[in-house]
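The structure follows.
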Amino acid sequence: MAGEAEAPPPEETLSFWKREQARLKALVVVGDTEAWQRDAALSGLRRVGGVDVSFVKGDGVRACASLVVLSYPELEVVYEDCCMVSLTAPYVSGFLAFREVPFLVDAVRRLREKEPRLVPQVLLVDGNGVLHHRGFGVACHLGVLTDLPCVGVAKKLLQVDGLENDAQHKEKIRLLQAGGDSFPLALKSHDRSSRPLYVSVGHKISLEAAVRLTRGCCRFRIPEPVRQADIRSRDYIRRTLAAPEPPTPAQERSQKAQGPKVCPKGGSKEPEGEDRPPEAHS
DNA sequence: GCGACAG
DNA sequence: ATCTTGTCGC
């Protein structure tokens, strides 16, 4: 049933989470491990994954976790897996992974079992990597648990290490000119976007490659893998809520998924304004 | 009391 | 994260 927003976790849980982050942080690989990451054109990169978790509006528990895989450089969805889940941990800034990562790991496991040929060479994660209070954001967490290269892509700046979203920072953003321009913290995803993306290393990739990859995945402000995962997880929730016989009562224990599917194609609405890049002039 | 707050 | 469809502009 629909649960309410959970209470903040006890101090004991937070200290346990911190110990877990410290333990797993030692396993993070910051730097390129794959040949395509070293190539300026990312030659050799064929599949990029994206993950996201969307929530049911008035519900603090039910959500849809999704994993999509896109071809590169075409950026067409070749795999999609949406799964209704019951969240257990509440959202606490700095501990996002403990709320979302278990379901993303499950999705990766299903993909490896059912469509091993479609396992992505890298995952774009909604959130931060090493740009984190303790240097271990959700992108690092997912990377270590799956051993897949991961990149953190956040839409807002997480202020850490005394980093401030002050006038100084805003001025640096204002100075970004063309799509692709970036400074160590922020990337302008395309020519007409004023709000940047905050890209950070998750696992098994360098910041330079992470930024190049993210840029290469941007048709709009939000990189396609993450954007498609977001769109599809929200649509899945919409369809689920509209269905007369939503889920099954007692089978939620196994957190069953809507059979992972290999998708031929798909159409979706396109954003406007700053989220939309300029039309292609011919 | 004030500021910060990934999703 | 969520509340939100069509619509004005280049």
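Residue numbers start from 1 in every chain, and the chains themselves are labelled A, B, ... in the order their sequence lines are given, proteins ahead of strands.
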Which nucleotides of DNA chain B pair, in dot-bracket form (Watson-Crick or G-U under 3.5 Å, | meaning another strand): .......
Sugar-phosphate, base or nothing in reach of A:G94, heavy atoms under 4.0 Å: base
Short side-chain N/O contact to C:dT2 OP1/OP2 from A:R234, under 4.0 Å: yes
Spacing of the C1' atoms in B:dG3 and C:dT4 (rounded, Å): 30 Å
side-chain hydrogen bond (donor to acceptor under 3.5 Å, both in side chains) partners of residues 135-157 of chain A, not counting sequence neighbours, each pair once: A:D126-A:K155, A:D147-A:K204
From A:Q228 atom CD to A:S233 atom OG, the distance as rounded to the nearest 0.5 Å: 10.5 Å
salt_bridge(A:D235, A:R239) N-O dist < 4.0 Å: no
Side-chain donor-acceptor pair present, A:D52, A:S66, cut-off under 3.5 Å: no
Short side-chain N/O contact to B:dA6 OP1/OP2 from A:Y91, under 4.0 Å: yes
Sugar-phosphate, base or nothing in reach of A:D126, heavy atoms under 4.0 Å: sugar-phosphate
Proximal nucleotide (of C:dA1, B:dC5, B:dA6) relative to the A:K155 side chain: C:dA1
Greater than 12 external heavy atoms within 6.0 Å of A:R38's CZ: no
Touch class at under 4.0 angstrom, heavy-atom based, for A:V92 against every strand present: nothing
C:dT2 to B:dC5 separation - C1' atoms, rounded to the nearest Å: 16 Å
Nearest-neighbour nucleotide for the A:D52 side chain, B:dG7, B:dA6, B:dA4 considered: B:dG7
Sugar-phosphate, base or nothing in reach of A:F98, heavy atoms under 4.0 Å: nothing
